[in-house]
Amino acid sequence: MLESEFQSQAIDYLEAEDYWVVRVIHSPKSGVMDLICCSPEGKFVGIELKVGNNEPSALQAFAIDEVLQRGGIAFVAWSIEDIKEGLKKGRRDDGHEKFLECEVRL
């Protein structure tokens, strides 16, 4: 699956769950997550989407940490199931080994 296909699936899922969603195409700030959302309850949500064996960069991990420290929800997802779990737990440490292995503090 291409990342663009996963993005479309993720957006469709989130919008069906009443999330407001923006797909980030380009940002002047490095590490910004692929999807910036607002939950139906008004909570900030950032989701970095990955396919295959792709892993988040150190800057992406840093951006996720920044959102989490401010009380938002942020995580990496390789599947719709990862998105469901990330939204339910509201944090990064969802047990996904790929992400935990690449964690880097800047």
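Here the structure is a predicted model, which is why all the values come from computation and not from measurement.
- Between the side chain of Lys88 and the main chain of Ile83, no donor-acceptor pair closer than 3.5 Å is present.
- When atom types are taken as modelled, the side chain of Asp34 and the backbone of Glu48 share no donor-acceptor pair closer than 3.5 angstrom.
- The CG atom of Leu87 lies 5.0 Å from the CD1 atom of Ile47; values are rounded to the nearest 0.5 Å.
- With hydrogens and angles ignored, the 3.5 Å screen pairs no side-chain donor or acceptor of Asn54 with any backbone N or O of Lys50.
- For the residue pair Ser79 / Glu81, no side-chain donor-acceptor distance below 3.5 Å is found, with atom types taken as modelled.
- Of all non-hydrogen atoms in Val21 and Glu15, the two that sit nearest each other are CG2-CG, 4.1 Å.
- Side chains of Met33 and Phe75 form no contact here, defined as non-hydrogen atoms less than 4.5 Å apart.
- Taking 4.5 Å as the limit, some side-chain heavy atom of Val67 sits within range of a side-chain heavy atom of Phe44.
- Closest of all the heavy-atom pairs between Asp82 and Trp78 is OD2-N, 2.8 Å.
- The backbone N or O of Ser57 sits less than 3.5 Å from a side-chain atom of Gln60, completing a donor-acceptor pair.
- Both Val24 and Leu68 are members of a single hydrophobic cluster when ILVMFWY side chains are connected at heavy-atom separations under 4.5 Å.
- Residues Val45 and Trp20 fall into different hydrophobic clusters, defined by Ile, Leu, Val, Met, Phe, Trp and Tyr side chains chained together at heavy-atom separations under 4.5 Å.
- To the nearest 0.5 Å, atom CG of residue Leu35 and atom SG of residue Cys37 are 5.0 Å apart.
- Leu49 contributes atom CG, which lies 5.0 Å from atom CZ of Phe6 (distance to the nearest 0.5 angstrom).
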So Ile64 and Val76, side chain to side chain contact (heavy atoms under 4.5 Å, CB included) or not? Walk me through it. CA-CA 8 Å; Ile64 288 170; Val76 179; 3.6 Å; yes
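- Atoms SG and CG, on Cys38 and Asp18 in that order, are 10.0 Å from each other to the nearest 0.5 Å.
- Formation of a donor-acceptor pair under 3.5 Å by the Gln69 side chain with backbone atoms of Glu66 is not found in this model.
- Across every non-hydrogen atom of Ala63 and Gly31, the tightest pair is CB-O, 3.2 Å.
- Between Tyr19 and Pro40 the shortest side-chain heavy-atom distance falls below 4.5 Å.
- Summarising the geometry of Ile73 relative to Gly86, their closest heavy-atom pair is CG2-O, 4.0 Å, with the distance given to 0.1 Å.
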